[in-house]
Amino acid sequence: MTLAGKVALVTGSSQGIGQAIVLRLAQAGANVVINYRSHPEGAEETLEKVNAIGGKCYLAECPHSPRGHTVQADLGSVNMVRELMTESIAHFGKLDILVNNAGIEKHAPFWEVTEADYDAVLDVNLKGVFFATQAFVQHLITTKRPGKIINISSVHEDLPFPNFTAYCVSKGGMKMLTRNLAVELGSLGITINNVAPGAIATPINTKLLNDAEKLGALLQNIPLGRLGQPQDVASLVAFLASSEADYITGSTFFVDGGLLWNYQEQ
Ligand code: BGC
């Protein structure tokens, strides 16, 4: 599988799953735009790792070396999302792959959720994804090229997650965004799919990872008996971004160690 000659933007790629996706796409030969909101040092670390993968720029027409480029943008702001898209396209001359990875979650019982927290979660996880995807599609239409969109969703696009209702609403929305756009964008040669991780060892889970009791209870629910690693998610994203997945659109692929469908009676 190769992504040589392709350019990918991965939102929220200064850490965790996003960083692993950037590295996996770069290993496959893609040029990558690394986006971050508040961790410039994480973005620099990602860029250094991309550089360490080495190699030349795979785009014949691309004057840029190294093959990574960092851009600061808060996905919760549609203006910043648009600037991110413009800057990404300008830097490498085009975009072929968009990975909507940036996401946040806030813990609170439903009856205590504030409007500010609801907006923060929905703005990053859904509104930002909506308008980043729109700008990407506009670019593909203008340049008359096909493209691949991969959304990092969650098992919680289907599975209830008490105390994270806004997060579940955002991921449920992402599920329908993907179903809808698969139909609407199919004739343009644009595919869109969701990768839905379960419990992956990343910064979004820091609290949980540091709570032995909660972690133990969670592991009981995972048939494969361990948390996932960011690389477990990244390899599927690389496949979906490649031409080997050209006939795949409108689907969700779970990377969860069996968590979603686990039901047992003692
Ligand atoms: C959430 C994590 C959670 C995991 C499994 C993810 O989507 O971000 O906080 O542990 O799902 O429930």
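FYI, side chains are in, hydrogens and waters are out, and symmetry mates aren't considered; it's all heavy atoms of this structure.
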Taking all atoms of both residues into account, what is the closest heavy-atom pair of Gln72 and Arg37, and its distance? NE2-O, 2.7 Å
Taking all heavy atoms of Asn35 and all of Leu75, pick out the closest pair and write down the distance. OD1-CD2, 3.3 Å
On the 0 to 90° scale, with breaks at 30° and 60°, tag the Phe161-Phe164 ring pair as parallel, tilted or perpendicular. parallel
Might you work through the side chain to side chain donor-acceptor pair (under 3.5 Å) test for Gln19 and Thr46, ending with a clear yes or no? CA-CA 6 Å; Gln19 183 181 70; Thr46 312; 3.0 Å; yes
Looking at Thr70 and Ile34, would you say the former's side chain and the latter's main chain have a donor-acceptor pair under 3.5 Å? no
Side-chain donor-acceptor pair under 3.5 Å between Thr178 and Asn194, yes or no? yes
Please check if any side-chain donor atom of His156 sits under 3.5 Å from a side-chain acceptor atom of Glu105, or the reverse. no
Distance, nearest 0.5 Å, that separates CG of Leu227 from CG of Leu209: 6.0 Å
Within the supplied structure, the quantity of interest is the number of heavy atoms (other residues, nucleotides, ligands) at a distance under 6.0 Å from Tyr118 OH; does it exceed 12? no
Look at atom CZ of Phe253 and say whether more than 12 heavy atoms of other residues, nucleotides or ligands are closer to it than 6.0 Å. yes
If you compare all heavy atoms of Pro203 against all heavy atoms of Thr206, which two are closest, and at what distance to 0.1 Å? O-OG1, 2.6 Å
I'd like to know if Lys171 and Asp158 make a salt bridge, using a cut-off of under 4.0 Å between side-chain N and carboxylate O. no
Does one side chain, of Asn193 or Thr252, offer a donor that lies under 3.5 Å from an acceptor on the other? no
Nearest heavy-atom contact between Pro230 and Thr202 is CG-CG2, 4.1 Å
If you measure only the distance, is there a donor-acceptor pair under 3.5 Å linking the side chains of Asn100 and Asn151? yes
